[in-house]
Amino acid sequence: MSIPESTFQYPGIGDYVEVRYGLAHGVSPGRITVRTLPGVANPAATGTARFRYAGAMIEMPNCRVDAITAETDYAGRSIARIEILDQRWAWKYGSISGEYNVRTHDGNSVQPETEKSPRQLARLCLAAMGEKGDVSRMPDHLRPYVHWDYKVPALALADLADACGCRVVLKIGGRVAIEPAGQGAALAISPATIAGEAALDLPETPPSLTFVAAPNLYQVDFDLAPVAVEPSGEIVPLDDVSYAPPRGWRHEPLPDYGNVESTYRQLAQSCVWKYYQIQPNFTLPGDPQRPENVIERIAEVLPLQPHQVESDPLPDQTLRRRPPWVYGLFEKGAATFPQVRENQQPDPNLNETPEDLYARSFVVDRERGLVIFADPVFLYRKGDDDYEVRPARIKLRIACQRRDKQTRGVVRYEVTPQKRARQGAAQAIVRDDIAREVYVNHKTKKVISNENEVKRQAAYYLTAATKELKAAQSGTLTYDGFWPIQPDGAIRQVTWQISAAGQGTTVVSRNREDELVDMSYRERRLLERMVELTRTERRREQRGERR
């Protein structure tokens, strides 16, 4: 009985000394390394690589020669090393653009015309790569926000797979599949098994996992107080400004400010009773009423957001966040004063008092927490001999984030499924397309929050991360000859090789990767920089930021 021969074929390579090919997860190309004698091979630029054994064939189409290198082996013989990349060499090209799963402006749902499931998004990437693939094992209930702006499709697909707890897997024959990480076939013991090992792989797990959402978004009705601009540009309370008139602003006739020194009169006319600034000493809605949660400086909520949290429906049934509102008690231009009672306060329920909404022109300086009006805004009060000008009792309704008192880092909503370890840092799973949003419904006087929705999405991402970190039965088996074993979510690597003695073997690794070449320090640093760049780019896409 003859022993089956293991052979390798590629156009232009008729003879060889050694062959080795490792097929592993990911979008980077696998490498077929062929060692042959100089001058006996003239490989075609592209072609199909075939491994044959006992009637079985492993075929990898659309391979491409990457490099041919002359080297000397340990016996002093000259050897030509031919590097051939599998079809993933072409995946570094192409582009894909699109914005999908855009949240409505209330943050609680997806704009219908942009909705795509993970499987639909994966198919878009595969089509842009010129590939067909199986996406049936991807989870499909999430709606991750993506913004692709001429992104390389393979990188977009890899990011999407990672977010769903999956891996991009190239199969024998050139088919592509998205497989759940860690799930797949077991290692099969057969008469062809010639070596192997099994182990309980204890991954380097963090002490705990924490889901971290985008910065919290609060809708706040800020108290406003009048301020003025110093000649230096500094913003100070109105009564403290250096060029205040001798009798103060209450008795200063509007809008000429004739008692202000002429050098500063134009400056006064530009800001007095027109500049109002948000005031501190309050607790954000939805946060526990504790001393550490009191906003003591307005820097803790700056810069303000360009909108409210609440939204209004548009004609196409989508929602758009409301612009900032100013409301409260101010003189509206009537001839009889005062219009406001001494102890009257602004009513936040503007459904009942729509006339309190300020309808004239203003802008919000979000960086400094200023509201800048086109016209003076004030109240009149009856004095001893005449009416006096007093500050308007007004509020700014706008969204803000919160900054930590010590670090000034933005405060994010966190979900930790287990108690934090006393020592060691938690692994953070950061998603910038999911945020806890809070506002007060002033009609019902209830705090409204999407916290349950954030928790629901956090549970999925935490579960996916836990599965990936879970200790798994891993191992490596070596089989005599070539066997068409497909990689999947658990089979991470299959390597076919022909030794210098002519023996063909198949090495299969489950939940581990054994055939890794050590990298130099420069290569490791380059990889680390690339990983950080990819992470930054992914965060930018989740936030919907453009370059």
Side-chain angles (χ1 to χ4, degrees), residues 23-28 30 87-88 91 94 96-103 109-148 151-186 209 211 429-434 453-454 456-470 472 486-494 510-511 513 534-535 537-539 541-542:
L23 178 57
H25 290 180
V27 298
S28 296
Q87 72 191 58
R88 289 174 286 186
W91 291 6
I96 186 170
S97 296
E99 188 177 28
Y100 300 104
N101 296 324
V102 179
R103 297 303 191 267
S109 58
V110 172
Q111 295 181 15
E113 69 276 11
T114 71
E115 185 172 4
K116 296 284 185 186
S117 70
R119 294 175 190 174
Q120 290 173 319
L121 292 171
R123 292 189 189 103
L124 290 176
C125 294
L126 288 166
M129 295 160 59
E131 301 283 359
K132 294 182 179 179
D134 179 9
V135 299
S136 61
R137 300 193 68 196
M138 290 186 75
D140 215 36
H141 63 279
L142 287 179
R143 295 297 181 267
Y145 172 80
V146 296
H147 175 237
W148 298 325
K151 189 176 181 73
V152 175
L155 296 181
L157 181 62
D159 287 345
L160 179 66
D162 286 346
C164 296
C166 297
R167 295 292 180 269
V168 181
V169 179
L170 178 64
K171 304 279 189 175
I172 295 171
R175 187 170 59 89
V176 183
I178 311 300
E179 302 276 359
Q183 300 180 32
L209 288 171
F211 175 86
I429 303 167
V430 182
R431 294 293 304 185
D432 280 314
D433 56 344
I434 306 166
E453 171 62 16
V454 176
R456 186 186 71 82
Q457 298 201 44
Y460 171 80
Y461 288 109
L462 287 167
T463 300
T466 300
K467 287 181 179 179
E468 188 170 352
L469 291 170
K470 189 176 181 180
Q486 293 280 18
D488 55 26
I491 303 297
R492 294 187 185 178
Q493 189 177 54
V494 183
R510 186 179 194 275
N511 285 325
E513 296 174 20
T534 300
R535 182 183 295 113
E537 177 67 18
R538 187 179 306 166
R539 296 273 298 278
E541 290 173 356
Q542 291 175 2

For this session: Measure from the side-chain N and O atoms of Arg88 to the backbone N and O of Gly26, and report whether any donor-acceptor pair falls under 3.5 Å.
Result: yes

Problem set entry | For Met138 against Cys164, the heavy-atom pair lying closest together | CE-SG, 4.1 Å

For this session: Could you name each residue pair satisfying ring-ring contact (aromatic ring centres under 6.0 Å, His included) that touches residues 116-142, not counting sequence neighbours?
Result: His141-Tyr460

Problem set entry | Derivation of the side-chain contact (heavy atoms from CB on, under 4.5 Å) call for Arg167 and Asp162 | CA-CA 6 Å; Arg167 295 292 180 269; Asp162 286 346; 3.5 Å; yes

Exercise. Would you call Val27 and Met129 a side-chain contact if the rule is heavy atoms closer than 4.5 Å?
Worked result: no

Problem set entry | Value rounded to 0.5 Å, distance of CD in Gln486 from CD in Glu179 | 9.5 Å

Exercise. Any donor and acceptor pair, going by atom type alone, linking the side chain of His25 with main-chain N or O of Ala490 inside 3.5 Å?
Worked result: no

Problem set entry | Heavy-atom check, side chain of Cys166 versus side chain of Pro139, under 4.5 Å | yes

Seminar exercise, completed: Heavy atoms of Ala458 and Phe211 approach each other most closely as CB-CD2, 3.2 Å

For this session: Could you grab the distance from atom OH of Tyr145 to atom NZ of Lys116, nearest 0.5 Å is fine?
Result: 15.0 Å

Problem set entry | Expected output: side-chain Asn101 to main-chain Pro144 donor-acceptor under 3.5 Å | yes

Problem set entry | Pairwise side-chain contact, Leu126 with Val135, heavy-atom cut-off 4.5 Å (strictly under) | yes

Exercise. Heavy-atom distance under 4.5 Å between the side chains of Leu157 and Ile96, does that happen here?
Worked result: no

For this session: Measure the spacing between CG of Leu23 and CD1 of Ile172 and express it to the nearest 0.5 Å.
Result: 7.0 Å

Exercise. Between Arg137 and Asp488, is the closest basic N to carboxylate O distance under 4.0 Å?
Worked result: no

Problem set entry | Any donor-acceptor N/O pair, Arg510 side chain to Ala185 backbone, under 3.5 Å | yes

For this session: Find out whether Val168 and Ile178 are in side-chain contact, i.e. whether some heavy atom of one side chain is under 4.5 Å from a heavy atom of the other.
Result: yes

Problem set entry | Distance (rounded to the nearest 0.5 Å) between Leu170 CG and Ser28 OG | 12.0 Å

For this session: Could you tell me whether a side-chain N or O of Asp140 sits under 3.5 Å from a main-chain N or O of Arg119, the two making a donor and an acceptor?
Result: yes

For this session: List the steps, then state whether side-chain contact (heavy atoms from CB on, under 4.5 Å) holds for Arg143 with Ser117.
Result: CA-CA 6 Å; Arg143 295 297 181 267; Ser117 70; 3.6 Å; yes

Seminar exercise, completed: Result for side-chain contact (heavy atoms from CB on, under 4.5 Å) between Val146 and one of Leu121, Leu124, Val102 points to Leu121

For this session: Please tell me if the side chains of Asp159 and Trp148 come closer than 4.5 Å, counting only heavy atoms from C-beta onward.
Result: no

